[in-house]
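Quick one: the structure is below, questions incoming.
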Amino acid sequence: MESILVLTHTDETNALTKASLETVTAGRELAARLQAPLAIGILASDPNPAAAALAATGARLLAISGEAFAQPRYSTDAAACEALCRAAGATIILAPASSRVARVAAGVSHRLGGVIDTHIVALAGSPRIEATRWFYRQRIEAVLTRVARPWFLLLDSGARAPFAGPSGTPAFEQVSVTLPERRTTVLGLRETEGSQQTIRPDAKLLFVAGAGWTKKQSDGQIHASEAGDLILGFINAAGASLGSSKSLVDQGSDGQPVLPFLTHMNQVGQTGSTPRHAKGLATCCHGEEPHVVGWRFIGERRAISLDPNCGWTRGKADVVYIADAFKVMAEVNDLLSGSHA
Ligand SMILES: Cc1cc2nc3c(=O)[nH]c(=O)nc-3n(C[C@H](O)[C@H](O)[C@H](O)COP(=O)(O)OP(=O)(O)OC[C@H]3O[C@@H](n4cnc5c(N)ncnc54)[C@H](O)[C@@H]3O)c2cc1C
């Protein structure tokens with residue numbers, strides 16, 4: 001019979017991360033379907049808030065805590081995850097695909113003589129577990145099964161609801177761990193260049209900027225600086241995540257006008273990312289297939305384009321505004337700042 005361990009960790013505020021809570025949801029569903037025992041491992045400097053938040057799961061709670069776990073660090077995190085896995089003795093280990101866990105999971109799996117699969121988006125099957133992931137830029141969906149145990153599954157975030165239950169008395173088993181000698185000291189966090197963190201995976205809205213923002217407009221001029229102000233003004237006011245078309249991010253290397261805060265990390269599409277957001281708004285973007293393929297997991301799609309024959313109008317968006325995005329976004333930003341007359 002299978003037994004399941006969900007690995008979780010807290011953020012800098014000592015609260016469980018959203019991806020951890022989504023993994024708890026997945027663990028509870030799997031445990032219910034397999035009628036298997038469920039344990040949840042907590043990695044935190046202080047596990048009490050997390051244990052209180054998880055009390056309603058009814059799962060066995062195991063915790064590793066202390067100052068050493070306030071910050072991600074390979075040696076301490078790997079040792080902690082290994083100790084949690086050994087204490088739980090689980091055959092199936094579900095973990096969030098956060099940068100913190102993804103960094104150590106393969107090493108921990110190796111230490112336990114286990115196997116690991118990553119980018120899992122769905123779990124089905126009973127009694128045989130079927131784990132689903134995408135390959136080849138979200139074009140091929142594969143269902144994986146394995147007989148080897150323990151089986152580590154790293155779950156991509158955004159595919160299930162985070163666990164939310166009434167807070168309870170924090171009751172957990174403290175697991176002890178012998179830490180290796182620490183060679184890495186975390187001094188602090190450094191902001192990305194220019195303090196602009198424009199990629200926000202947890203945002204409700206994806207705002208995509210296309211190459212039209214830096215093309216000649218109706219007055220025959222390029223308005224790249226105004227474009228930059230409008231785009232940043234909107235994503236900061238709306239808390240949106242910023243995506244881009246390939247044409248726009250490629251312009252820097254082509255010697256054309258650029259928006260300095262965009263990098264290839266912002267690129268959405270076939271050779272870019274496939275983000276998950278409830279809504280998306282494309283602006284000054286044509287909506288060609290290699291770009292829109294990256295919108296596969298965007299719930300509601302809207303676009304603002306001057307071209308009534310763009311790809312968005314040809315069935316790729318739910319709503320298309322045939323309008324000048326400079327004017328529309330200036331108006332929207334005024335509304336958001338409350339300065340609209
Ligand atoms: C192998 C391959 C892989 C690719 N991978 C990707 C990928 O991962 N991601 C990606 O994005 N592309 C990718 N592409 C490129 C893709 O095919 C398109 O060339 C690209 O997406 C076009 O970007 P765009 O729509 O921003 O620019 P354009 O095609 O130049 O469109 C600009 C649009 O802006 C509109 N516009 C201009 N001014 C305004 C205004 N004031 N208001 C409103 N609208 C305005 C114009 O009408 C036009 O429709 C790939 C191509 C290939 C061949």
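When a ligand or atom number is given, it counts from 1 through the structure's own listing order.
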Quiz item: With sequence neighbours left out, which residue pairs that include part of residues 226-250 fulfil the ring pair (Phe, Tyr, Trp, His ring centres under 6.0 Å) condition?
Solution: F207-F234
Practice problem: Would you mind reporting whether L306 and D324 have side-chain heavy atoms less than 4.5 Å apart? | Solution: yes
Self-check item: Counterpart residues, salt bridge (Lys or Arg N to Asp or Glu O under 4.0 Å), relative to E300 (two or more places apart)
Solution: R302
Quiz prompt | salt_bridge(E22, R160) N-O dist < 4.0 Å | solution = no
Quiz prompt | ring pair (Phe, Tyr, Trp, His ring centres under 6.0 Å) contacts touching residues 147-183 (sequence neighbours left out) | solution = none
Practice problem: Could you name the protein residues that come within less than 4.0 Å of ligand 1, counting only heavy atoms, and order them by chain and residue number? | Solution: G210, A211, G212, K215, Q217, S245, K246, S247, Q267, V268, G269, Q270, T271, G272, C284, C285, H286, E288, P290, H291, I304, S305, L306, D307, A323, D324, A325, F326
Quiz prompt | Partner of C81 by side-chain contact (heavy atoms from CB on, under 4.5 Å), out of L112, L5, V104, V101 | solution = V104
